[in-house]
Amino acid sequence: MTSIVDTLVVSPVPEVDIEEMRVVGSFKKGTILAGHKTADIVLIIKHLPTLEDITNIQNLMKEKMNAQQPEKERKKATTKSHESGFSYTFNGSTLNVFVTTLPNNTKETIDPEKHLKLENLKNSLAAIRHARWFEENAYQSSIRILVRILKDFKKRIPFFKNVNPWTIDLLAHHAAVANTNGNTLSVPQVFRRCLQLLAAGILLPGSASISDPCEPGFVKAHSFMSYEHQDELACGAQTLLRALSHGGYKEILAMKGARKITFESAVMFDGIIVTPSKLAYEKPAEPAEPMETNGS
Amino acid sequence: MNKQGWYNRTKANAAAGKEPPRTYYCEICKVSCMGALTYKEHCNGQKHKKKEKEKEGGDSNKPARGYHSFGKLYRCELCDISCTGEQAFSAHMTGSKHNKTVLLFRKLGKVIPNPTVTNSKGEKEEVDLEKVKEELAKKAERIAKEEADRTEKRNKRNQQAEERAKKRLEEIEARRKMMDERRSKWEEERWKREEEWRNMQEQREEEWKQWQETEQSEITPSQVQQSAGFASREGENNDNKLIMKLHDEIYPEPTELTNIKNLVKVTEDNLKTISDTMRDETEAELKDKGLLTEPSEGQDAVETRVLKGCVRVGDLANGLLLRGDKALEMLVFCTDKPTVYMLQNVKEKFEELLTEAQKKALKVTVEPGKGAFIVTDPKGFSVTVTMTSKAMEADATAASITADVAAKVLDRKNCLRVLEELKHANWFQTNVSPVPSAVIALRVLHHVMRQEGKEHWRHALRPWILDVLVGQILQANQGRRFSPGEIIRRILEALSAGALFSSNSSIPDPCTEPSVDLTASLDKKQVEQVTMDAQAALRALTFNKLYVFLGVPALSEHEEAAGQEEELGEGIDAQDFEGYDGAPGHLYPTSSMPVRMRGMRMRRPPHPGVRPYGPPGYGAPYHPPYGPGHGPPPFPTHLGPRGPWRGPPPHMRRGGPPPFGPRGRGGHRMRGPRPNNKNRKRKPEEEDAKEDVKKECVEKSEEAAASGGSGENTESKTDTMETETA
């Protein structure tokens, strides 16, 4: 994958003036799960990108990559374009390329017809910031391990479905680092602490929460999640915590030899029945306004 | 040899009867010799012979000697000395050498030729000795004066310099003091200002939130959570209102309170009287037995007071009584282990002390099983007074147990339990009671726990554990003002995070040493249930459903909108009546909950802005303004507006100059060749020394002028005489 990445850096082509290229996402942070064969790249262009730009870059990349590869394998590569960029698949591995522009340009007016959506641009820029922050602050192995575990939860446990990966990063970092000693805790401690924090409602409305270090001002980590998601997450965490306290770590982590549980029904641990918590949030009867949610 | 040495000798010799030695004078050499022997030797010596030769050689050469280009030549015929300068000549003429020669000549009866001055032309001039002397004297005077002036001036200068230095030191000290005062004052003021500012900001935040609620019906969570820098929620005020509403309902009515007060007062007073009487009794007994001795120094007095004191415990002490609570608890301290007999005794005495009216009303019963006696009110209020003693804390050996049983000591378990409760009550008073919102929250929680379906709460949370949790919460957040809603939320958070699970965390008991883990003794099932309830309650709370947990109906819209304008808790009066041993006895402290909820209809408060306001530590880091015009910052800065901090200015350095050598930062030895001190610049003190020496010379010459003899000349002359004779 890295070879693919390197080609784009040194390519000042007139149609497409690339300012910068950054690798982002779990590939960069080193928190990829097994079997997840996707890397993300963000391209920063000097002007506001349009759909044409995307196709331009796409084709250019295709050409270059094909030029590099031996003849046999040329046809296997495919590209797909989507709203904020395109993805390049090769041999089962995918490279997602997001196109965005310099932060200054985002303040200019955007023609909705031609240019890409502002939201997407901002998201891509944020992704760069996240990757950078993670590299600088959360490089400890315990944090990375915890992030992977939480991502695994996202797959297996229904309560965790809607969690934002960035929220996971922040949470893991906070759990590991923010304590009175200033030491980074070990993985089991961090794991328990993470669950404790979630169960105690760090991501519920009204809590002081974790401030997002990549946003200006003071933005809470859970301000992008809807009420229901927050509730779900807290609920799941609480159930897990109780199970953990009764010695059910094997089941939680789905280790070999443990029962397979999705925690949607009561399970017995060590003689005590652990019932999953019920959701507490009910949507108000008359939804006055559609809730604005920034994309995850 | 002093000046008049040889005078004395001649006199002495004359006095002794010796012959005075003759003085021989050699005309050629112009030298006088004492005694024939010396004269002979001189004649045989080299000098004499030389001079003879010269004389024979040529008389005419003499005047030409040393003559050539000097101009005037002053010649003294007597001493055969020529001088080139007038000063030297006058010095010679007034000096000791010349005087000696003159005297010698007089003695020998020779003629004294006048000193002559030979001109360059060879003519001779007269010299006025007297004038010369005068001038010389004047000059000496002048020099002396100058010296005196100079020393005066120098002294003056030194003095002035000293005074100035002193003044400067004083100034510096005064300035330092002033700066310190100013700084401490400034810091105080600053702290006060910060506090005020913080409070004001908190208030502003509240107002802003409320304004938002009225103007905007539904706000997206992101907006709400972005606007505030610290924990805040739309419904938090509603929570507080709900809690206060519930609290009003559960708080004991005033009549109940008065009942309780009276009952407790009666009990305590009577107990005090009983204690006094018992003390008198025991004193009398001991006196009879002769055991009552005067306490000597260093020994404690014999403890005669059997009942040491009574203290309130339990909910009564903590102020957590609720409406309808009728059972109060107190305990009585005894010096020795309390026995059944003592209990009976006390009860009887108590009954005796009751007045007629009281006897009809109150009932006193004894329950030896509980180790207490109970005073009951007709309305059902009862005070259970348990007897205990510190002696019960001692470990029980088999022997002591049998002894206890024989003496019919009260049940040990009860006594210990009550002692524990006392400790709990004390701890509560120090840690939790000062925070009125905590007390309110606890009352509400107690009420909740008593409801049906919450038995596991009661069992698991055995009020002491709850108290300790609250204490921990308060300790972790010192200095922060909590509303009851916040405290309840914190408690629920703690429980949800598994505070009761012994595998998760431990709650150390602050009253036992070493502290016992309170979670270890809990039943797991109950803990599980409590935690689950707490977790559900927490989430409900965050979504404005606290009323479900509290078991009350939700606030109606009217109540939500209305602001609470009454001061809360005015029905409580805090009376400090103490137990007679000084135990704090106020029944209920004034719960002055900070009234932050004002009327809702007010003008729009200023927008707090995206940047959070609030106590520092909740939002973006707080940068107080500092720089010119604001005074020194209260913390040590490493980077100021003018660059990195280099330390205090020189006049403020207290420890002295930096500990580097005189050659700078290289330490005591710099690299390079060894320095040559030969031509180093002298310090001013050495110059002064030179001046002093000069002064001495001047003084000496003064003396010489005054005494009429040239001290130096005579000295040198005697030296030469000595060397010649030796």
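Remember, it's a predicted structure, so these values are computed and weren't measured experimentally.
- Within the 4.5 Å cutoff, the side chain of B:R539 has heavy atoms near those of the A:Q238 side chain.
- In this structure B:Q472 satisfies the side chain to side chain contact (heavy atoms under 4.5 Å, CB included) test together with B:L469, B:I507, B:P508, sequence neighbours excluded.
- Residues forming a salt bridge (charged side-chain N to carboxylate O under 4.0 Å, His left out) with A:E135 (at least two apart in sequence, or on another chain): A:K28.
- Atom CD of B:E528 sits about 4.5 Å away from atom CZ of A:R242, to the nearest 0.5 Å.
- To the nearest 0.5 angstrom, B:E493 atom CD is 12.0 Å from A:Q196 atom CD.
- Considering all non-hydrogen atoms of both residues, A:A200 and B:A497 come closest at CB-CB, 4.0 Å.
- Across all their heavy atoms, A:L241 and B:Q535 have their closest contact at CD2-NE2, 4.4 Å.
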